[in-house]
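Below: the structure, in structure tokens.
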Amino acid sequence: HYFIQSNLRMVEHTESDTELSCDSIKAIAESVGVKDLSVEGSAYLAKQALLQARTLLRDAMKYKLMTHSVELTTNHLERANKRPVPIYPSITTKPRRYCMATSRGREIYGAKEEEIDLDTIIATPPPKVHLDTIIATPPPKVPSDVQVKVHWLTIEGSTPTTPENAPMEDDKIILDAPSVSIDNVETVNSVAAHEISREQQLYFKELTTKCISTEKQVREEAVSSLSTDPGLAAVLPRLTVFIIEGIRVGLGECKMYYVQYMLEMIENLLQNKALRLEKFLHDLIPAVLSCMVCHQICGRPLEEDHWTLRLSAARVLAGLVKAHNLGTNQLNSRVIKMLHHALDRHNSSLVSTFGVLGGLCELGALTISTILLPDLRNIYRRVELKCATSQDPIDRHAKERIRDLLVRKCAHVAQEHIPELLRYVRKCAHVAQEHIPELLSVDDYEQKFGDIGREMFYKIMRPHS
């Protein structure tokens, strides 16, 4: 670069002999760390540098003329420095020569190619190859025969991800799951690892838009179609993501009606006999449990009826458990154990306790008789103690709701433990003592179930009176 900058103008205007001094070569050598350079070596390097620089500048001038440029620029020097690499190996060591051709009054420069005499090439004998070399060369590998390998195309309606079933890039259509919005369906929030066609994409978008519509008739028609449409299996993974995100957004923004829409969608999906929700229970059950035990679902808990929503979530949870409980997964016992553990927590609010009790009551009479009835006295005592020490007005409402729930559900189950001869107790005074039921009076119920026992007694005895 030092030589090019100093001699660029001189090469353009004159072709007189220009020499590079030995002192300049020594100064350049010392700058790159080469010391004690001899006079002969510096003189040789000066000649070679001058030759290379002249060649570079002449090629750059040719590029300048071919591009019809006014001035010689660094782009011309870069092109001249990047000489084209031949496709085939060069058979000569001669420098490349250029020739000029005229076309319609314009001068065009190109590489001068020499004509090759084919007769000379044909007359030249081929190189000799020794037989030992041919014998020592290993033969090529024999190509393998055509083989057929058996593999699964689909398993339970889905294509397994194996090398044999690698999807084509052109046919791969990945649609992002729409983010949940109250007013409209916005763009994508997460990507589902699931491929659907364009028609299914349009159907999914239309279905989810109508399921969250503000028009009641449109929404009810769309939600009711979830229980009968057998073609939902293709969009079920994305529909599950939509429901989970809808519950998350509804709980986060305290929009109770939106959570109710999502619970209705799950309830109708359970009624569809053509769908299998086993693969999505690990996402649906935590979402439904969040609707049951969330501390605040709506913005005005004292005015809005969020208790009914919690009981609806409990019914949806019971439907999921009853429909998919097997001896292998033990879903029923696992959910009961989780709810029982949440019930024993002393730092939970009474609103969450109401949701837990609603879930246990919806799981059946066996759960009530084995979990709630033996410990009903202590459960309601903790509720009263929590309400007495709390200053939140919602806790007083929660206490009344818990009391009504326990009386309604537990009294129905306790009624089954009273023998049918209870109706004859008042008529037959001579009935043997061993046939008289254990719980016959208000005192017996209060001793068994605590303060809630009186209401359970009247709830049970009214049908028999």
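The first residue of the sequence shown is numbered 1, and numbering continues consecutively from there. Because the structure is predicted, anything quoted here is derived from the model rather than measured.
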Using modelled atom types only, decide if a donor and an acceptor are shared between the side chain of [X] and the backbone of [Y] within a distance under 3.5 Å.
X: H76; Y: T73; result: yes
X: T137; Y: T133; result: yes
X: D395; Y: S390; result: no
X: T308; Y: D305; result: no

[Y] and [X], any side-chain heavy atoms less than 4.5 Å apart:
X: L372; Y: C361; result: yes
X: L331; Y: I285; result: yes
X: L263; Y: R315; result: no
X: L339; Y: L289; result: yes
X: L284; Y: H324; result: no
X: P237; Y: F280; result: yes
X: M262; Y: I212; result: yes
X: I336; Y: T370; result: no

Looking at E400 and R396, is any side-chain nitrogen of the basic one under 4.0 Å from a carboxylate oxygen of the acidic one?
no
Between R248 and E245, does at least one N-O distance fall below 4.0 Å, as a salt bridge requires?
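Here R248 pairs with E245 in a salt bridge, since their nearest N and O are under 4.0 Å apart.
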Between [X] and [Y], which heavy-atom pair has the shortest distance, and what is it?
X: L275; Y: A233; result: CD2-N, 3.6 Å
X: V259; Y: C291; result: CG1-SG, 3.4 Å
X: V356; Y: A342; result: CG2-CB, 4.0 Å
X: L363; Y: A318; result: CD2-CA, 4.0 Å
X: N325; Y: Q330; result: OD1-C, 3.8 Å
X: L226; Y: C211; result: CD1-SG, 4.5 Å

Distance from [X] atom [atom1] to [Y] atom [atom2], nearest 0.5 Å?
X: K399; Y: F354; atom1: NZ; atom2: CZ; result: 15.5 Å
X: L277; Y: I266; atom1: CG; atom2: CD1; result: 9.0 Å
X: E78; Y: L56; atom1: CD; atom2: CG; result: 10.5 Å
X: H295; Y: D392; atom1: NE2; atom2: CG; result: 6.0 Å
X: T389; Y: L385; atom1: OG1; atom2: CG; result: 5.5 Å
X: L236; Y: R276; atom1: CG; atom2: CZ; result: 11.5 Å

Under the rule for side-chain contact (heavy atoms from CB on, under 4.5 Å), what residues qualify as partners of [X], not counting sequence neighbours?
X: L326; answer: T328, N329
X: A314; answer: M292, E362
X: E303; answer: R300
X: C298; answer: M256, P301, E304, H306

Go through L232 and L269 one step at a time and tell me if the side-chain contact (heavy atoms from CB on, under 4.5 Å) criterion holds.
CA-CA 9 Å; L232 289 173; L269 288 175; 4.2 Å; yes
Taking atom NZ of K210 as the centre, report whether more than 12 heavy atoms of other residues, nucleotides or ligands fall under 6.0 Å from it.
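12 or below, so no.
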Of T353, D344, L350, which meets side chain to side chain contact (heavy atoms under 4.5 Å, CB included) against R382?
D344
Check against side-chain contact (heavy atoms from CB on, under 4.5 Å), L360 and I368:
CA-CA 7 Å; L360 289 173; I368 297 175; over 6 Å; no
Assess the residue pair L77 and Y63 against the criterion (side-chain contact (heavy atoms from CB on, under 4.5 Å)); give the C-alpha distance rounded to whole Å, side-chain angles, the decisive distance to 0.1 Å, and a yes or no.
CA-CA 8 Å; L77 294 172; Y63 279 108; over 6 Å; no
I'd like to check the salt bridge (charged side-chain N to carboxylate O under 4.0 Å, His left out) partners of E221; sequence neighbours left out, ordered by chain and number.
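Once residues adjacent in sequence are excluded, E221 has no partner under the salt bridge (charged side-chain N to carboxylate O under 4.0 Å, His left out) criterion.
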Would you sort out whether R310 and I297 count as a side-chain contact (heavy atoms from CB on, under 4.5 Å), showing the intermediate values?
CA-CA 9 Å; R310 297 178 190 274; I297 300 178; 3.7 Å; yes
With sequence neighbours left out, which residue pairs that include part of residues 225-234 fulfil the side-chain hydrogen bond (donor to acceptor under 3.5 Å, both in side chains) condition?
Y203-D229
